[in-house]
2 protein chains.
Amino acid sequence: MTIDDNNMGRTPTLADVAGLAGVSTATVSRCLNSPDRVVERTRKKVEDAVLKLGYAPNFNARALAAKRTNTIGAIIPTMENAIFARGLQSFQEELGCSGVTLLVASSSYRADLEEEQIRTLVSRGADGILLIGLHRDPKIYEFLKRQNVPVVVAWVFDPNAKVPTVGFDNFSAMKALADRVISMGHRRLSTITASPQGNDRASERLRGIYASMMEAGIPKTELSIVEAEYGIDEGGAALEQLLCKTIRPSVVMCGNDVLAVGAIAKAKELGLCVPDDISVTGFDDIEIAKISSPALTTVHVPHRRMGKEAAKMLINLVNAAKNQNSILIETSLVVRASLSSA
Amino acid sequence: MTIDDNNMGRTPTLADVAGLAGVSTATVSRCLNSPDRVVERTRKKVEDAVLKLGYAPNFNARALAAKRTNTIGAIIPTMENAIFARGLQSFQEELGCSGVTLLVASSSYRADLEEEQIRTLVSRGADGILLIGLHRDPKIYEFLKRQNVPVVVAWVFDPNAKVPTVGFDNFSAMKALADRVISMGHRRLSTITASPQGNDRASERLRGIYASMMEAGIPKTELSIVEAEYGIDEGGAALEQLLCKTIRPSVVMCGNDVLAVGAIAKAKELGLCVPDDISVTGFDDIEIAKISSPALTTVHVPHRRMGKEAAKMLINLVNAAKNQNSILIETSLVVRASLSSA
DNA sequence: TAGTGAGATGTAAGCGCTTACATTAAATTT
DNA sequence: AAATTTAATGTAAGCGCTTACATCTCACTA
């Protein structure tokens, strides 16, 4: 049995265990944290006492005394987005292998909230922090540095950043997709994107589209842009806005699969045929991309691998404090039925 | 500026602030926790010192001394499921209104992991805990009670449970759906469900189907059951299994929308027409249900409201410790194209 | 103007744990 | 068997904060 009775009116402490076992608190502490430093017979006594009392260590007291929490914090923009959830899942799994607990917070894509949560995580004693995207007030990085809390940034790759990153090249990934789109004859382009303001993933992807257009000699003005928040309905609404423009685009390149699926649904609702009347592309390649009809052309991102690498990196940083090199996660184009020749 | 320099080699403490401001630590503490108990002039001095040093309180020390964390924990089966993510989002928002922080853990549907995480949350000093589903070892409820940590259970409604619940009646909701299915002439029924073992949501829903069949005089044997984990691909694989059975069902009632969408996709892949060859139903009514083609017949669950109510209840419990009554969240049938007459 | 009491601030004792250092016991060497 | 090393355990000083209680101020009252 792991959970047992004790007949005190309060939750048992280390001292109670020590008393019952007839040893000092230091010995009990050692039993819990480095059992090999305690002789078998003593350890047995202590373990019995722990069970007898249903003792559970007080985390806060431990953290205060040890100045270490075995906890790593992560701040993601939203929990409602499957891609963050999935990356985080493997991040957590990898941390778990090292006995580290994950603390998650979501910032709702708001910089001020994120800053607040970073401070919360630090004051809670997180040994390290995972952040999404590089773009934020430099003061925050300074703060983290001064507090001696290592950081890893995921979802972007930038070997020149002052913090290690593990992610993919948003610019190149989107440019590769745009290259393909343009090579299929599309000229009247459009995109549904998250606000690039303060979101380097979004702005890099946008830059990727422009770069491709430039190479193909298509003027920048041929790209219509609509900003949308994350969500199926938001994608649909954005598509409607796009269709109001005087020149109807032949393709809409969406910032992620969810927006894309929303756009497809809305297009069908409006009696348009995808991809005959309008092509649609996504980004991320989550499950929904495959089962969408038509199936979605998108950029595949190995989120699980990214999460895992980020975890390893952060653990190294926490343990050794030696600098880690950024890791590039390769993406790949997945061409499916939602994209056809113009 | 909220984050500023200090020229010490370590992170500043309350005592540092007190020293700089020329007051005692008690006064600084009061400035931070009950500003109205400190006179304006003093408070100003303290605030200046806080800013000057970039002071951030040490959460663990505070929790240790105050025996309160303003933190509530929640353990959900998985983060990858949109319905939990969404319910949790509004849960968190509501908590935020009261200045309470949320700590999330996911148990991967494993009872042992859940128990471990409950203990972790308690040892971290969570003032209260949100759990999904009632079914778990009674020892856990006893443990929580002894530790004086209030609990609310969500996603199920049971006025007779020993802990307050806020959720819906899984039995009636599924029975209502089955009633409709059967009234449309279906007799060869099937279901794709999470393992009902230790999952009261799943087992109640299954019971709902049986109850409906019984009323209609359909023998229990007419229901084929396949268990599947959560996921689009899992739903597809389960459908294949179902189709291997000698008697092909005319309808597949899925435990949630994600499984249902997976089943639909697989059916289409196999050349079957939904709903002409086979009808499919889901549960939850997440966004994907609307945009699926054909659109999914399902049970609508107001997750956001559920999350909000759960938060309110938990906060009351933490503050007043008076018992709360369970809250029933009403569900409703949403009939869409994926269900047709047999 | 001394007396009163409310309000502001200070003092100091913990909260439950870890850990450097001191002490004691056991194992090894000579 | 005494001397020396090594392993096991104990002692006690914090970790950074909150808060009961003591003290001090000062505007009022009588």
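Numbered from 1 within each chain, the chains take letters A, B, ... in sequence-line order.
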Within residues 82-108 of chain A or reaching into it, pairs that qualify as ring-ring contact (aromatic ring centres under 6.0 Å, His included) - sequence neighbours excluded:
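Passing the test, one end in residues 82-108 of chain A: Phe84(A)-Trp155(A).
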How would you list all residue pairs meeting ring-ring contact (aromatic ring centres under 6.0 Å, His included) that involve residues 36-55 of chain A, not counting sequence neighbours?
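Matches after skipping sequence neighbours: none remain.
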Holding to salt bridge (charged side-chain N to carboxylate O under 4.0 Å, His left out), I want the full list of residues that pass it with Asp48(A), two or more places apart in sequence or in another chain.
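Testing Asp48(A) for salt bridge (charged side-chain N to carboxylate O under 4.0 Å, His left out), a comparison that skips the adjacent residues, returns Lys44(A).
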In whole angstrom, what separates Glu40(A)'s CD from dT9(D)'s P?
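It is 11 Å, rounded to the nearest whole Å.
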Exercise answer: donor-acceptor pairs, residues 96-110 of chain B side-chain atoms, under 3.5 Å, sequence neighbours excluded:
{"from": "Ser107(B)", "atom 1": "OG", "to": "Tyr109(B)", "atom 2": "N", "distance (Å)": "3.4"}
{"from": "Arg110(B)", "atom 1": "NE", "to": "Asp112(B)", "atom 2": "OD1", "distance (Å)": "3.4"}
{"from": "Arg110(B)", "atom 1": "NH2", "to": "Asp112(B)", "atom 2": "OD2", "distance (Å)": "3.0"}

Check the pair Asn60(A), Arg62(A) against side chain to side chain donor-acceptor pair (under 3.5 Å), reporting the backbone distance first and the verdict last.
CA-CA 5 Å; Asn60(A) 295 115; Arg62(A) 174 179 286 190; over 6 Å; no
In 5'-to-3' order, the base (B), backbone-only (S) or no-contact (-) status of each nucleotide in nucleotides 12-22 of chain C, using a 4.0 angstrom heavy-atom cut-off, is B-BBBBBB---
When you compare the side chains of Arg146(A) and Asn148(A), does any donor N or O come within less than 3.5 Å of an acceptor on the partner?
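Note: Arg146(A) and Asn148(A) side chains miss the donor-acceptor criterion.
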Between Arg124(B) and Thr71(A), do the side chains contain a donor N or O and an acceptor N or O under 3.5 Å apart?
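Their side chains do contain a donor-acceptor pair, which is all the 3.5 Å distance test asks for.
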Donor-acceptor contact present, side-chain Thr165(A) to main-chain Phe157(A), <3.5 Å:
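No; judged by distance alone, with no hydrogens or angles, the pair does not exist.
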The dot-bracket string of DNA chain C, counting Watson-Crick and G-U wobble pairs with both distances under 3.5 Å, using [ ] for crossing pairs and | for pairs to another strand, is ||||||||||||||||||||||||||||||
